[in-house]
There are 2 protein chains.
Amino acid sequence: MDLPHPSIDQISLPTVLGALGDTTRLAIVGELARHEGRVLPCSHFLHLGSKSNLSYHLAKMREAGVVRVECCGTRRLISLRRADLDTRFPGLLDSIIATAATRGAIPGSQTPTSQPA
Amino acid sequence: MDLPHPSIDQISLPTVLGALGDTTRLAIVGELARHEGRVLPCSHFLHLGSKSNLSYHLAKMREAGVVRVECCGTRRLISLRRADLDTRFPGLLDSIIATAATRGAIPGSQTPTSQPA
DNA sequence: TCAATCGTTCAACGATCTTTGAACTTAGGA
DNA sequence: TCCTAAGTTCAAAGATCGTTGAACGATTGA
């Protein structure tokens with residue numbers, strides 16, 4: 001039932017960058033960053049795409065080592081592999097998340113703070 | 001004769017990440033970083049691919065705003081848009097370049113210092 | 001002028017990506 | 001038990017990607 005995740009050593013820079021080079025996936029990462037430390041179900045991201053579409057994007061990020069997916073009954077609990085990524089690529093995630101929270105860096109996205117709550 | 005480059009404001013995070021999510025292009029950026037401030041002709045990168053292949057990758061990075069391409073006779077002089085990227089995405093390029101210089105982060109690549117000269 | 005050099009462009013290809021909807025699986029609750 | 005909710009998987013489709021080789025244009029130098 002456990003889904004396969006790359007070990008820290010197996011996480012590759014171009015694969016991570018490729019995984020983040022997509023507006024939907026970047027939006028997911030931004031969302032996860034805003035809920036730092038917490039764990040979110042897939043359904044949290046339904047506003048970003050259809051069920052099967054999210055399944056696709058989340059699998060891609062899991063395989064790239066960006067995200068961890070844990071099974072909990074019929075749920076999948078998603079979290080950022082923040083510590084692992086910080087170990088592997090110091091500063092990378094920080095700068096991406098900081099940028100992603102900035103107006104205009106991601107075309108078509110709204111600034112998180114612009115949403116009511 | 002001048003090739004089109006996006007202005008700083010037009011540089012988008014997912015596009016930049018996508019441009020860097022490729023081993024050939026990451027290698028080009030690494031090479032440019034090792035020659036910081038200097039300007040290199042396309043021919044400098046011929047060990048990374050064929051002429052037309054490099055033309056493709058360099059165009060992609062130019063359009064993404066990662067690289068500047070200046071025409072000088074029949075030459076194209078390539079440079080990293082380091083200052084522009086630092087302004088737009090503080091810390092991003094630093095962490096990518098630092099990582100790219102690390103053994104193992106980019107599968108199939110050799111650490112620059114591992115090469116004789 | 002002629003030839004060589006430097007790089008772009010094009011068409012083609014196979015591969016990968018992104019999205020969709022329908023069918024399916026699995027677990028939990030009434 | 002049966003139903004529902006949460007996600008996955010699959011096939012299909014269209015788009016984009018990365019690579020190649022051939023043809024092309026533009027500049028430089030003999």
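All figures in this text were calculated on a predicted structure; none of them were measured in a lab. Lettering of chains follows the sequences in order, A, B, ..., and the numbering in each one begins at 1.
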Hey, mind stepping through A/His5 and A/Val69 against side-chain contact (heavy atoms from CB on, under 4.5 Å) and telling me if it holds? CA-CA 8 Å; A/His5 292 77; A/Val69 182; 4.1 Å; yes

Candidate nucleotides D/dG7, D/dG18, C/dT20, ranked by approach to the side chain of A/Cys42 - the nearest: D/dG7

So does A/Arg68 pair up with A/Asp84, basic N to acidic O under 4.0 Å? yes

Would one find a side-chain N or O of A/Arg76 under 4.0 angstrom from OP1 or OP2 of D/dA6? no

Of the nucleotides D/dG18, C/dT19, C/dT26, which has the atom closest to the A/His57 side chain? C/dT19

Donor-acceptor check, side chain of B/Ser55 to backbone of B/Lys51, threshold 3.5 angstrom: yes or no? no

Okay, side chain of B/Arg88, backbone of B/Ile11: is any donor-acceptor separation there less than 3.5 Å? yes

Value in whole Å for how far the C1' atom of C/dT19 lies from CZ of A/Phe45: 19 Å

How long is the line joining OH of A/Tyr56 and P of C/dT20, in whole Å? 12 Å

Among D/dA6, C/dT20, C/dC6, which nucleotide has an atom closest to any side-chain atom of A/Arg75? D/dA6

From the set C/dT8, C/dT18, D/dG7, return the single nucleotide nearest to any side-chain atom of A/Ser43. D/dG7

Could you tell me the separation between the NE2 atom of B/His44 and the P atom of C/dC6, rounded to a whole number of Å? 15 Å

In whole angstrom, give the distance that lies between atom CD1 of B/Ile78 and atom P of C/dG7. 8 Å

How many whole angstroms separate atom CG of A/Asp22 from atom C1' of D/dA15? 14 Å

Distance check: side-chain N/O of A/Ser55 vs OP1/OP2 of D/dG7, anything under 4.0 Å? no

Report the distance from atom CG of B/Leu54 to atom P of D/dT20, rounded to the nearest whole Å. 10 Å

Ignoring hydrogens and angles, tell me if any N or O in the side chain of B/Arg82 forms a donor-acceptor pair with the backbone of B/Glu36 under 3.5 Å. no

Atom CE of B/Met61 and atom P of C/dT8: how far apart are they, to the nearest Å? 12 Å

Remember a base hit wins even if backbone is also touched, and classify A/Ser52 as base, sugar-phosphate or nothing at under 4.0 Å, heavy atoms. base

Step by step, would you call A/Ile78 with A/Val39 a side-chain contact (heavy atoms from CB on, under 4.5 Å)? CA-CA 5 Å; A/Ile78 317 297; A/Val39 127; over 6 Å; no

Provide, to the nearest angstrom, the distance between the CG atom belonging to B/Asp2 and the C1' atom belonging to C/dT8. 16 Å

Pick out which of B/Val16, B/Asp22, B/Leu17 makes a side chain to side chain contact (heavy atoms under 4.5 Å, CB included) with A/Leu17. B/Leu17

Which angle, rounded to 10°, do you find between the first-five-pair axis and the last-five-pair axis of the helix from C/dT1-D/dA30 to C/dA30-D/dT1? 10°

For the side chain of A/Lys51, counting heavy atoms from C-beta on, which of C/dT8, C/dT18, D/dT8 is nearest? D/dT8

Any Lys/Arg nitrogen of A/Glu63 or A/Lys60 sitting under 4.0 Å from an Asp/Glu carboxylate oxygen of the other? no

Please tell me which of A/Asn53 and B/Leu58 maps to the more 5' nucleotide of DNA chain C, matching each residue to the nucleotide holding its nearest heavy atom. B/Leu58

Using the side-chain heavy atoms of A/Thr74, tell me which of these nucleotides is nearest: D/dA5, C/dT18, C/dT20. D/dA5

